[in-house]
2 protein chains.
Amino acid sequence: MPVTVLLVDDEPLVRAGLRAVLEAQPDIEVVGEAADGAAVIPLVRRLRPDVVAMDVRMPLLDGIEATRALLRTVDDPPRILVVTTFENDEYVYEALRAGADGFLLKRARPAEIVHAVRLIAEGESLLFPASVRQLAAEYGDAGGNRAARAVLERAQLTEREAEVLRLMARGLSNAEIATRLVVGTETVKSHVSSVLAKLGARDRTQAVIAAYESGFVAPG
Amino acid sequence: MPVTVLLVDDEPLVRAGLRAVLEAQPDIEVVGEAADGAAVIPLVRRLRPDVVAMDVRMPLLDGIEATRALLRTVDDPPRILVVTTFENDEYVYEALRAGADGFLLKRARPAEIVHAVRLIAEGESLLFPASVRQLAAEYGDAGGNRAARAVLERAQLTEREAEVLRLMARGLSNAEIATRLVVGTETVKSHVSSVLAKLGARDRTQAVIAAYESGFVAPG
DNA sequence: GCGAGCCTCCCCCGCACGGGGGAGACGATC
DNA sequence: GATCGTCTCCCCCGTGCGGGGGAGGCTCGC
């Protein structure tokens, strides 16, 4: 069964673009569109999409409020992928706090967009978009850590996972962490994988960066 | 030809211990001992050791001053390995600033001591002793970043290496860094290796940690 | 002119890492 | 009692990573 997607954006052009990109994939199906946040809830109830790709900045009801409303009022709500134009849009972080599962730049390449939808649909997070952070930093991002903070708030690491992340952030290898925690390396790998998935990090380096950026660990 | 080592420590017991550990190695030779910093310079001139393993806290002339004096007055000075009892000894960081090449805990296991001497002799740095940082953190290290700061001061990264480290600290892979810098991945690997060597880091994760701890990159 | 340092690229190679599965044990919750 | 989440451990497998070499071209300073 294909991944079903509902597009929510006030610009028809963007909706058309997303539709074209996504429908080119055999395993992704765009089941509906909405032009503003207010129309989302009834549509979700009727169409039951797996993923809602939602713009943040919209008239009437913005992406943040729409996200809150969705999660509050709909049973078994869809996964929410926030779409934004700007790499350092504080609305995005608000949306993540509200419960969105990931975010995506409109200028992303088609392959990235497709990848993001698939990941989100699989229940993964998409919270460490390196490209976003790079761009943000290049443009003098003064609040990049807001994103990371939102990440860890939403990450919901278990106690053990948090412990593992702390040790990763001290530079320990999986084997060293295993020794330290008196468990097998396979166990550590399992925890590390969970941490990476929850943070949306690709590798341990990115996870450690997220830990620093979020204040989960602090220099000094 | 073996690595020649001069031991400098005011405690005979420590000297004897280091000698026993080091001389057990076929490729390491202890060529002399000194009980305080003042005796070091003439001994170094006469014995020309590859490595001086030097205590920091000594009567008359401490390890910091002895290090400064050595580097100032001796041509082709030996590599200096600072030996310390305490994991968070600010004298050590002073010594690193003065020009020491690495530091070592007295409580380290023999294999680690041997390893440290060999590394130092080969011209490598030993500036990211994870064990030290771990212990320091466990004991409530409030100034652990002093060590890291000293590291980067001494690391003497080239412009390119610094650039690569910055990108590593943004979570980029070697391939991504290569694309960004418009060079080959082999080139990036070469720079990364240099960075790791200069920082005494074992892998990119540790390098990124050092970057954060030193303030080379900052969260937010 | 010549060397030193830097940047660039190349080779081989071992291994830790991370993805993708699964599975048993335990406690809490329903 | 059944279910869920967590923690634990296991398998296979591809590959990015890092160590170990080397080498050519460039600029700078002696």
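Computation of the quantities below employed the complete heavy-atom set of this structure, encompassing side-chain atoms and omitting hydrogens, waters and symmetry-equivalent molecules. On a predicted model such as this, the values are computed, not experimentally measured, just so you know. Chain letters run A, B, ... following the sequence lines, proteins first and then strands; every chain starts at 1.
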Study note, to complete from the structure: Judged by nearest nucleotide, the residue sitting upstream toward the 5' end of DNA chain C, B:His191 or A:Thr205, is B:His191

Exercise for review: Tell me whether the OP1 or OP2 atom of D:dG18 has a side-chain N or O from B:Arg202 closer than 4.0 Å.
Suggested key: no

Practice item. Say whether, by atom type as modelled, one donor and one acceptor occur between the side chain of B:Ser190 and the main chain of B:Glu186 under 3.5 angstrom. Key: no

Review point. Quick one: which of C:dC10, C:dC7, C:dG18 gets closest to the side chain of A:Asp203?
Key: C:dG18

Check your understanding: Starting at the 5' end of DNA chain C, which residue's closest nucleotide do you reach first, B:Glu186 or B:Glu159?
Key -> B:Glu159

Review point. Is B:Thr205 reaching over with its side chain to a backbone N or O of A:Gly171, donor-acceptor style, under 3.5 angstrom?
Key: no

Exercise for review: Check the distance between D:dG18's P and B:Leu199's CG and give it to me in whole angstrom.
Suggested key: 12 Å

Review point. How long is the line joining CD1 of B:Ile177 and C1' of D:dG18, in whole Å?
Key: 13 Å

Point to revise | Whole angstrom value for the distance that separates P of D:dG16 from CZ of A:Arg204 | key: 17 Å

Exercise for review: Look at the side chain of B:Glu161 and the backbone N and O of B:Leu157, then say whether any donor-acceptor pair between them is shorter than 3.5 Å.
Suggested key: no

Exercise for review: Can you figure out which of D:dC9, C:dC9, D:dG18 approaches the side chain of B:Val183 most closely?
Suggested key: C:dC9

Review point. Taking CD from A:Gln206 and P from D:dG16, how many angstroms apart are they, rounded to a whole number?
Key: 14 Å

Review point. Taking the side chain of A:Ser190 as heavy atoms from C-beta outward, which of C:dC7, D:dT8, D:dG18 is closest to it?
Key: D:dT8

Review point. So what does B:Ser173 touch, heavy atoms closer than 4.0 Å: a base, only the sugar-phosphate, or nothing?
Key: sugar-phosphate

Point to revise | C:dC7 OP1/OP2 closer than 4.0 Å to side-chain N/O of B:Thr187 | key: no

Review point. To the nearest Å, how far apart are B:Leu172 CG and D:dG16 P?
Key: 14 Å

Check your understanding: Among C:dC12, C:dC17, D:dT8, which is the nearest nucleotide to the side chain of A:Asn174?
Key -> C:dC17

Point to revise | Value in whole Å for how far the C1' atom of D:dT15 lies from NZ of B:Lys189 | key: 11 Å

Point to revise | Which nucleotide in D:dG19, D:dC17, D:dT8 has an atom nearest any side-chain atom of A:Arg160 | key: D:dT8

Review point. Is a side-chain donor or acceptor of A:Thr4 paired with a backbone partner of A:Glu29 at a separation under 3.5 angstrom?
Key: no

Practice item. Would you indicate, yes or no, if C:dC9 has its OP1 or OP2 atom less than 4.0 angstrom from a side-chain nitrogen or oxygen of B:Thr185? Key: no

Exercise for review: Ignoring hydrogens and angles, tell me if any N or O in the side chain of B:Ser193 forms a donor-acceptor pair with the backbone of B:Lys189 under 3.5 Å.
Suggested key: yes

